[in-house]
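Reading through the structure tokens given below for one structure.
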Amino acid sequence: MSRPRILFLDAYDSFSNNIVSLLTVLLDADVDVLSIDAPELTPASPGFHDALRQKLRHYHAVVCGPGPGSPTSPGDVGLIKYIWELEDQHLLPVLGICLGFQSLAVSCGAGIARLSTGLHGMIRVIDHRPDVSGDTADGNIFHGVPPFKATLYHSLCADVGQDSVSDVDWAARRWATPAKTPDIVPLAWVDEQRPGFVERIFMGMRHATKPFWGLQYHPESICSEPAGHQVIKNWFTDATRWSASRGRTVEPVFALPESGSTRPTLVRYLCRGILKPPDIVEILQHNSQEYIILDSASARAKRIGLDVRGRYSIIALDVDEALRFEYQVGNKAITSRVPSQGDATRQSVDIGTGSVWHILADFLETRRVAIGSNDSPFVGGYMGFATYELGLECIDVDIVAKRQHSRPDLSFSWITKSIVIDHLEGTIRIQSLDPSPNVAASWMEQTRNTLQSSPLWTDGLRLNTDKIKDIDNLTPPITPTVTPPAPAIVAPEPDAYDTKVRQCQDFIAAGDSYELCLTDQTTIQRTKNPQEAPGHNGLPSPSTTNNSSHHSWAPSSATNNVPSTWQLYRTLRARQPAPFGSYLRLGGATLISSSPERFLEYTADGLCSMRPMKGTVRKSAAGVATLAQAEQILHVPKEEAENLMIVDLVRHDLHSVCGPGRVTVPQLLKVEEYESVFQMISVVEGQLPATVSSPNNNDKNVVDTTTTTTSSRMNHYTGLDVLAASLPPGSMTGAPKKRSCEILQGIEGDHHGERSLYSGVVGYMDAAGRGDWSVTIRSLFRWDDETTTPPPNQPDGPETEVWRIGAGGAVTALSTPEGETEEMLVKLKGPLGIFSEQQQPRS
């Protein structure tokens, strides 16, 4: 028999691709994905039923997947409803999972009820039907399966009259066909212990006469025990047996061709030194207007024994001279320009029927370079940011707030000159992608001489190498000699945030989401530093930089003593060092970040890694001081469930590009120690396939490199495909991602505005095909166009600017409003503190 073909009906769940992978690997099957609202199968259109029947003739079986919402809502189940209504002569085997299971139960006459508490990310023992006299042909897909645990993700349950059965009769009647639903044969239950009673939750069934089965639990979850996978195998064995008994056959389908690409070379120079990223910027980029600095400010922690990520810092040089790509959500074109040369270099490239990712992938592929095993993690290539709103577009979520600006949602610079600092080895790598090796070598020699002739370099070399860790303490916080006007801070009201948490829990209880990552914004309006007007950048003057007695932290000589954005960045990195810190002035935005969370990393050979971070405890001598104490606090059902839900979500995202059987979880729910907090972190890895003959699902975010009509036709997926398929970061949305984002827009409200750079990503994809992206949390940002000018009656008044800080947390059924509000305020405290120790949010 050839490989079986299975049709998966996707109800927009964020775990769907994990089920596709499980089916592919377990059953050695080809699985095609069809959305429940696929435009080619519209129920209201003429000939719908014939088209559906024709579609199903290509498949051995159908799996109706999980999703948000209710099985009684036609919009939530879509095509699934019509599967149960197939006439006998058109039947085929079907398995419903979660929402699909509930929809099957409803089609058999069952009701739907809310659980007393939603079970999202909860792991329970599945009590399944015992074997009947050893008969394997009775449709019991739990035959021969040992006891096992599985993950639950639901707030609703099928009601088949279980609560009307007395406790005395329950043991004898739990496997009997319910009187009010004669087509339902129960196969599995969970008895959930509640204070004062037991909640009987229907977990598995088969149809009495049709080849339909259903499972309420999620067999694909990383925490569902492998022993339960036998249920899926048993289902397909029964499905195959049923088809053979009916003489049912399957019609064939077809696939697409492949193609190839090119690679040039790289020039680089290595020297040894101990300068920090801010020092190098002040020495080399004194006259620049735009900056991209990915700063592993917590690298010192490696030398004092903490387990942190972020070995390298990367500095883009001559960003003003680099080709810039910018895109705003909803536009039909991506623009390119060289900032220093003005609009004369601006070009607009029509996206057509593709996406912005197609254009970026094509540009990169014609400039690929070969690298050695000892090369730095970045050799030049794309660096920049993508907003949360770009992520919404990636999952087809419309932006509710009215956009009255032209700010980019994506701003990538193609960096050809860069410096990479290896904090572990103490090396500085100067790099160029200039097509002329002689020009590149001359520039690198000049750059090296400029660095090594700086007093910062020579002073650093005179330090005792045994005390090298003290170098990180050379940057004291800024203390202006004259107190500037206090910034106007508007922070979330705790009571209002409590209300939003309760609204989230209402949606969770209704089955619309498993977890909602609620956020709120704090705005800071402050006097603008005049040195950051057009033509200025706020960096110290050359005389200050070269003054070895003051080093590079001395404040600029601004008349109003308002710290520049550069000084804010240096203060934040000193107060709150992080492995994925950054400072960007790019595309009209300024971002200062102390992010502890890596979003996505990938290598040139296609190994992708994501590190979902959920579960935070602040470190303090009086409170939680040790890793053991933090583990005791974080290894509880609520915290583990939050992390597990995002793990399963990012597995889904990686599966969409890497394909079935190519995603693993080498680290699950591990508590790690950082400079100021303890975090629960998991690691999810995927391996991109070497070649791709056709897209492995219908996700429009995957860059279909097999059908591009440009000169760099490719036959493989790249890191851009993974990035596009993973936005917005699941740790900032909840699950299912699409429905959760729609709900969050309504709860966070118009007054919240856009999340913008907060909840987006910052990082790079280099010319060798490698990338590293962080989630922009614990950060603050501003836009150049959000300023106020002095009123006419006060012409000498100061110009002001608006900074924004986002903060929040994951709301689940087990959350408390008070706890979530406290978590939001704790996360807000670090970035907000750089404006004033006294100016804190109301609590």
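Just so you know, residue 1 is the first one in the sequence shown, and it goes up from there. From a predicted model like this one, the values you see are computed outputs, not experimental measurements. Side chains are part of it too, since the values below use all heavy atoms of this structure and drop only hydrogens, waters and symmetry mates.
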Kindly determine whether W783 and S756 satisfy side chain to side chain donor-acceptor pair (under 3.5 Å), including the steps that lead there.
CA-CA 10 Å; W783 289 96; S756 194; 3.1 Å; yes

Look at the rings of F363 and Y382 and say which category their plane angle falls in: under 30° parallel, 30 to 60° tilted, over 60° perpendicular.
tilted

Specify whether Y291 and Y583 have parallel, tilted or perpendicular ring planes, treating 30° as the upper limit for parallel and 60° as the lower limit for perpendicular.
tilted

Applying salt bridge (Lys or Arg N to Asp or Glu O under 4.0 Å) to R429 and D422, what does each step give before you reach the verdict?
CA-CA 8 Å; R429 192 180 297 260; D422 186 332; over 6 Å; no

Please determine whether a side-chain nitrogen of the Lys or Arg among [X] and [Y] lies less than 4.0 Å from a carboxylate oxygen of the Asp or Glu.
| X | Y | answer |
| --- | --- | --- |
| E786 | R804 | yes |
| R570 | D279 | yes |
| D784 | R407 | no |

Measuring only between side-chain heavy atoms, which start at C-beta, is [X] closer than 4.5 Å to [Y]?
| X | Y | value |
| --- | --- | --- |
| V420 | T427 | no |
| L410 | T387 | no |
| L451 | S454 | no |
| M610 | E601 | no |
| L723 | W773 | yes |
| D434 | T416 | no |
| Q521 | I805 | no |
| E822 | K827 | no |

Residue pair [X] / [Y]: nearest heavy atoms and the distance that separates them:
| X | Y | result |
| --- | --- | --- |
| S336 | L323 | CB-CD1, 4.1 Å |
| W443 | S418 | CH2-N, 4.3 Å |
| T522 | I489 | CG2-CG2, 3.9 Å |
| R755 | F781 | O-CZ, 3.7 Å |
| A578 | S594 | CB-O, 3.1 Å |
| D409 | V329 | OD2-N, 2.9 Å |

Only one of Y602, F412, F378 clears side-chain contact (heavy atoms from CB on, under 4.5 Å) with M765; which?
Y602

Pair F599-S774, side-chain contact (heavy atoms from CB on, under 4.5 Å): steps then yes or no:
CA-CA 5 Å; F599 172 55; S774 66; 5.7 Å; no

Report the distance from atom [atom1] of [X] to atom [atom2] of [Y], rounding to the nearest 0.5 Å.
| X | Y | atom1 | atom2 | result |
| --- | --- | --- | --- | --- |
| D320 | R585 | CG | CZ | 9.5 Å |
| D785 | S406 | CG | OG | 7.0 Å |
| W803 | L780 | CH2 | CG | 5.0 Å |
| R573 | I592 | CZ | CD1 | 12.5 Å |
| L392 | Q745 | CG | CD | 5.5 Å |
| I415 | Q431 | CD1 | CD | 12.0 Å |

Check: [Y] main-chain N/O paired with [X] side-chain donor or acceptor under 3.5 Å:
| X | Y | answer |
| --- | --- | --- |
| Q341 | V338 | no |
| S453 | T450 | yes |
| T776 | L757 | yes |
| Q328 | H405 | yes |

Determine, step by step, whether K614 and E597 satisfy the salt bridge (Lys or Arg N to Asp or Glu O under 4.0 Å) criterion, reporting the C-alpha distance in whole Å, the side-chain angles of both residues, the deciding distance to 0.1 Å, and the verdict.
CA-CA 10 Å; K614 282 294 176 188; E597 182 173 358; over 6 Å; no

Would you tell me whether [X] and [Y] have side-chain atoms, one donor and one acceptor, within less than 3.5 Å of each other?
| X | Y | result |
| --- | --- | --- |
| Q679 | T616 | yes |
| T527 | E799 | no |
| S313 | H423 | yes |
| E801 | T787 | no |

Test side chain to side chain donor-acceptor pair (under 3.5 Å) on D295 and Y569 and set out the steps.
CA-CA 10 Å; D295 184 2; Y569 154 68; 2.6 Å; yes

Test log, rule side-chain contact (heavy atoms from CB on, under 4.5 Å), inputs K528 and T800
CA-CA 5 Å; K528 188 174 183 179; T800 64; 5.9 Å; no

From CA spacing to verdict: side-chain contact (heavy atoms from CB on, under 4.5 Å), V281, W566
CA-CA 10 Å; V281 172; W566 181 252; 3.5 Å; yes

Residue pair D343, R337: steps toward the salt bridge (Lys or Arg N to Asp or Glu O under 4.0 Å) verdict:
CA-CA 7 Å; D343 285 342; R337 62 187 175 91; 5.9 Å; no

Between S413 and the options R324, E326, E321, E290, the side chain to side chain donor-acceptor pair (under 3.5 Å) test singles out R324

Determine whether E820 and K500 satisfy the following criterion, salt bridge (Lys or Arg N to Asp or Glu O under 4.0 Å), listing intermediate values before the conclusion.
CA-CA 10 Å; E820 293 299 328; K500 292 178 182 179; over 6 Å; no

Using the side-chain contact (heavy atoms from CB on, under 4.5 Å) rule, take Y388 and E754 through it: C-alpha gap first, then chi angles, then the decisive distance, then the call.
CA-CA 8 Å; Y388 175 77; E754 299 178 359; over 6 Å; no

Report the C-alpha distance between R782 and T590 in whole Å, list the side-chain angles of each, state the deciding distance to 0.1 Å, and finish with yes or no for side chain to side chain donor-acceptor pair (under 3.5 Å).
CA-CA 5 Å; R782 70 165 194 187; T590 302; 3.3 Å; yes

